[in-house]
Each structure stands twice: as C-alpha cells, then as structure tokens.
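Reviewing the structure listed below.
Letters A, B, ... mirror the listed sequences (proteins, then strands); counts begin at 1. The structure presented is a predicted model; accordingly, all values stated were derived computationally and were not measured.
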There are 2 protein chains.
Amino acid sequence: MTHSEENYIKAIFHLASSGIDVISTNAVAEKMETKPSSVTDMMKRLSEKGLVHYKKYQGVSLTPLGTKTALSIIRKHRLWEVFLVEKLGFAWDEVHEVAEQLEHIKSEKLIDKLDELLSFPKFDPHGDPIPGKNGELMEHDSQVLGQLPIGSVALCVGVKDSSAVFLRFLDRNSIALGNKMKILEKEEFDNSLRILIDERELHISQQIASNLYVKKIEL
Amino acid sequence: MTHSEENYIKAIFHLASSGIDVISTNAVAEKMETKPSSVTDMMKRLSEKGLVHYKKYQGVSLTPLGTKTALSIIRKHRLWEVFLVEKLGFAWDEVHEVAEQLEHIKSEKLIDKLDELLSFPKFDPHGDPIPGKNGELMEHDSQVLGQLPIGSVALCVGVKDSSAVFLRFLDRNSIALGNKMKILEKEEFDNSLRILIDERELHISQQIASNLYVKKIEL
DNA sequence: ACAAATTTTTAGCTTTGTCTAAATTATTTA
DNA sequence: TAAATAATTTAGACAAAGCTAAAAATTTGT
Ligand SMILES: [Mn+2]
Ligand SMILES: [Mn+2]
Ligand SMILES: [Mn+2]
Ligand SMILES: [Mn+2]
C-alpha cells in the first residue's frame, strides 16, 4: 500500500465512524483536501485491491480488509503520538503532523516494541482510544460536556476537535485531560456554560463545551 | 525533497566517501539498484535543484548544499538506528531497513529531541559516526583488522560491511564492538588470521578481517 | 414530471520516477 | 588509429497521483 492509499482508507474510516451512513465522493474529497475526480480514480484502485466496496454514484464503504487496514494505521498514528508526547516532550498540539508521517512506516516489530516501550497505552494524547494489535477498538463511553445537566460532575477524557488551535486554546485556559469539571450554570440564550475546573471557575462557549468529551462521576 | 531524491543524494555521498574520484552514472545506478537511464534523469533534476554538479558524460558530485543534505539524512538514519537498538531492543542486523524509512521523516524538532533522548550518541550500532546538527562528521581514526601486524592488540570499533549476513555471522561467533582483539598469526597463503578475542581463540578469513574496523591499543 | 442544480464520472493532461530500446559518446584494444 | 566495446544519454512508454474541463447521472424544487 502506498502512503496515499493508506490516507484514503483512514479518511473513509473516520467518515464512517462519524455517523454518516453513505460516504460520498465529495465527502472524501473534502476530507482529503483533493478533487472529487481524484477520489473517483482512487476508489477504483482501492476497489480493485479489495479494500473498499465501490459502485458508481453509490458511495463507498470499507471492506473487512479495509477496516482492518484502517485500524492498523490509526493504531500506529496514535502510538507515535503517545511516543512524541511521553518520550520526546512534544506538546499535544505538535504531534499530529509528525504522526501523519510516522504512521506510514512499515514494520510490525517496530510498532509492537513501541507499544511495549510506552507500556501499552490505551489512549493517545487527545484521549482517543488506541486500537489493539488485532484491531479491537475500545469504546469511549463518554459524552460531550455541553450535554450534561446542571450540577453534574465529570472528568475530562478527550477532545473532539484536536486541531492545534483548539488544543492551544485549552492550554491557555489550563484545561487538560483528567481535569474534574462541574457544571454550575447554563445560559439559555447561547448555551454557554459556567463551570468549575478543579478549583477554578470558567465561562466557556457552547462551541468549546461541545468539543470536550467527559465521563460523568456518579456522586 | 522527495524520498527518492534523498536516496540518490545519500548514495552519491556514500560513493564519494568511498574514495572514488569520479562518480559515474553506472556506479550510482548499481548502488541504487536502478537503471543508468533513470540515474541520468534524476541527475538532471538534482542539478536543477542545485544539489549536484552534473555535466553529461562527466560524472556527478555533490554541491555544498547536496553535502549538507546528505549529512542531515545520514544523521537521521543513524540516530534512528541507535533508537531502535537502545530503546526498542532491535538487533543490529534488523535496524537498517527500518531506518531507511525513518530517515525520511521531516521534523527538525523530532530529530533534536531523539538525539537528546539517546544522550547525544556519537556512533551508530555499527560503529559509524553520527553527523552533528550542523553537519560535522567525526573522523574514525581506525584501520581494518587485516592490516595490523602480528602481535598487535586492538579494540573493535566498527564494521565496514553492515549487511545482515555479515552481522549475523559476527553474532554467531560472538564478535561485537568493544571486543579486544590480538593478532596471533597470519597465514601467508590466504591472509587468514588466528586471533584472540577477549579470551577466545578464533580463525578468521581475510574477508572477515578486512570488514572489521579496529583501533590499535598501544602497549 | 420536468427543469435546474448538484454530484459524480470521464477524458485528457501533468509530474515524478521508473523502464526498454535505440542512439550517441567515450574508452579500449588490436 | 580505426574498430570494437563499454558507458551514457535520448526517446518513448508506463503507472501513480494529481489536476481541469466537459459529460453524464442523480437529486431537488416547482
Ligand atoms: Mn492525530
Ligand atoms: Mn497520513
Ligand atoms: Mn544503516
Ligand atoms: Mn533511504
């Protein structure tokens, strides 16, 4: 598999996990930042190779082999992200770009040993689950902060948007994974929240609240 | 720079260090395991980019920029090899292939931090010097084992041939970097040697002896 | 149901990096 | 030094991965 093929497979996997039922050529083109015509070409190639189901005008989906491939690339991507943060001291907003390159390195042993070096982490620096060697993907039983009722207490376990801009915003406001959050007040007008993070009180917009994954703590 | 361009630059650098004065199209083709016509094409492209001096039929050489580029790739290659051995427990005959891929990852910060994680190593697992951030290349003041006179004592500091076959041969015979070696006898007929490695006596062919770098110990 | 708008595909072109076969230049050898 | 041999370049082709523009299919709106 070429880097490009791997990137398409990964994109299709992410589109599929995001809940869309039928994955259109345009959707893939947008995610890949390429043209629909290029996508059509690639879908034919991936279909040849048995990685996707593809019928003209009908959208695309991953075959079992395609899914396995996607999970293996995502596993590598996320393990490398953990490595960059834990072993090399990268910030969580710096790792994605480099992991995009590292995820394409081909060596089963490399990734197994890396997993071991990192003590078999279950989540990447953004709280996303790391697929196992055999493609088992842990299910985050988390919800979005914005959906909690007033008075709830929860732990921050992940970010939905892991763009550098958002991550740096969180850094500036000292919001990190593991923080305990309590919903104090919800503004009807714009759905913004007043929350308590550890000891600190903070006002965050609905936008922010809907990009933080939390796990409720039962009291 | 593409992976392919980087690989050509590295090949030319290695040919140049191996003492040949004029680097022919055929020599590059052989090293790259490609066809001379492909080399000609690539030399034109690299020349365009200011990385090599190239005149039809005259052979090729690296420009200062080309040399700097080569050293940077070699630095990455060797640092990754150290990482694979020291941090992931790879054997020294398993690292080259993976390092061939890793050397193309683009991130200045990654390589600086890796260097730091490894405590700024000066040599790779095969005894080859690791170029510095600014392209300084340490000079091995070593010689080949086969050239020592009888009775000399020396430390094994590197291998000339770092193919997996040779490295595994050394493993099987428990020959490793750092071993102390004494020349006991030299066979006139085939230049084979009887040597003492640490406490053990061993008979090695001229082939083997000419692929081990040693540093003489003055008595 | 039919026209308009949108989506998707096709056709044809580009670049990179490769190849084979043919032509050209350089080097050896007789 | 002239022919033979070897090295190198050129010409033409191909596959991967992209693009633009045009054609075709699907979906939407009235
Ligand atoms: Mn990422
Ligand atoms: Mn990628
Ligand atoms: Mn190597
Ligand atoms: Mn390489």
Checklist entry - How close or far is atom P of dT18(C) from atom CE of M43(B), stated in whole angstroms? => result 10 Å
Item to check | Between P of dA17(D) and CD of E33(A), the distance in whole Å | outcome: 18 Å
Next on the checklist: Just verifying a value: how many Å separate T40(A) OG1 and Y54(A) OH, rounded to the nearest 0.5 Å?
Outcome noted: 4.5 Å
Checklist entry - Where the side chain of K35(B) is defined as all heavy atoms beyond and including C-beta, which of dT20(C), dA17(D), dG17(C) is the nearest nucleotide? => result dT20(C)
Next on the checklist: Given the structure, check if the side chain of T40(A) and the base of dT10(C) hold any donor-acceptor pair shorter than 3.5 Å.
Outcome noted: no
Next on the checklist: Without decimals, in angstroms, what is the distance between E5(B) CD and dT15(C) P?
Outcome noted: 15 Å
Checklist entry - Looking at the side chain of Y57(B), which of dG17(C), dT26(D), dT9(D) is the nearest nucleotide? => result dT9(D)
Checklist entry - Hey, are E136(B) and R75(B) close enough for a salt bridge, meaning a charged N less than 4.0 Å from a carboxylate O? => result no
Checklist entry - Is the distance from OP1 or OP2 of dT6(C) to the nearest side-chain N or O of N26(A) less than 4.0 Å? => result no
Next on the checklist: Let's test your reading of the model: under 3.5 Å, does the base of dT8(D) pair with the side chain of S37(B) as donor and acceptor?
Outcome noted: no
Next on the checklist: If you compare every side-chain N and O of S4(A) against the phosphate oxygens of dA16(D) (OP1, OP2), does one of them come in below 4.0 Å?
Outcome noted: no
Checklist entry - How close or far is atom P of dA7(D) from atom CD1 of I23(B), stated in whole angstroms? => result 17 Å
Checklist entry - Whole-Å distance between dT18(C) P and K44(B) NZ? => result 15 Å
Checklist outcome for this item: When rounded to whole Å, the CG to P distance for the pair D41(A) and dA15(D) reads 14 Å
Next on the checklist: Which nucleotide wins on minimum distance to the side chain of Y54(B), given the candidates dG18(D), dT8(D), dT18(C)?
Outcome noted: dT8(D)
Checklist entry - Separation of M42(B) atom CE from dT10(D) atom C1', in whole Å? => result 18 Å
Checklist entry - Which one, dT9(D), dT16(C), dG18(D), comes nearest to the side chain of R45(B)? => result dT16(C)
Item to check | Per T25(B) side chain, nearest of listed nucleotides dA17(D), dT16(C), dT9(D) | outcome: dT9(D)
Checklist entry - Would you call E94(A)-K113(B) a salt bridge at under 4.0 Å N-O? => result no
Next on the checklist: Assuming nearest nucleotide by heavy-atom distance, tell me which of K55(B) and H3(A) is located more 5' along DNA chain D.
Outcome noted: K55(B)
Checklist entry - Once you round it to whole Å, what is the distance between C1' of dA25(D) and NZ of K56(A)? => result 9 Å
Next on the checklist: As a quick check of understanding, evaluate salt bridge (Lys or Arg N to Asp or Glu O under 4.0 Å) for K133(A) and E108(A), giving each step before the final call.
Outcome noted: CA-CA 10 Å; K133(A) 244 182 100 66; E108(A) 179 110 31; 3.2 Å; yes
Checklist entry - Among dT10(D), dT16(C), dT9(C), which nucleotide sits nearest the side chain of T2(B)? => result dT16(C)
Checklist entry - Salt-bridged, K106(B) to E6(B), with N to O below 4.0 Å? => result yes
Checklist entry - Looking only at side-chain N and O atoms, does S38(A) come under 4.0 Å of OP1 or OP2 in dC19(D)? => result yes
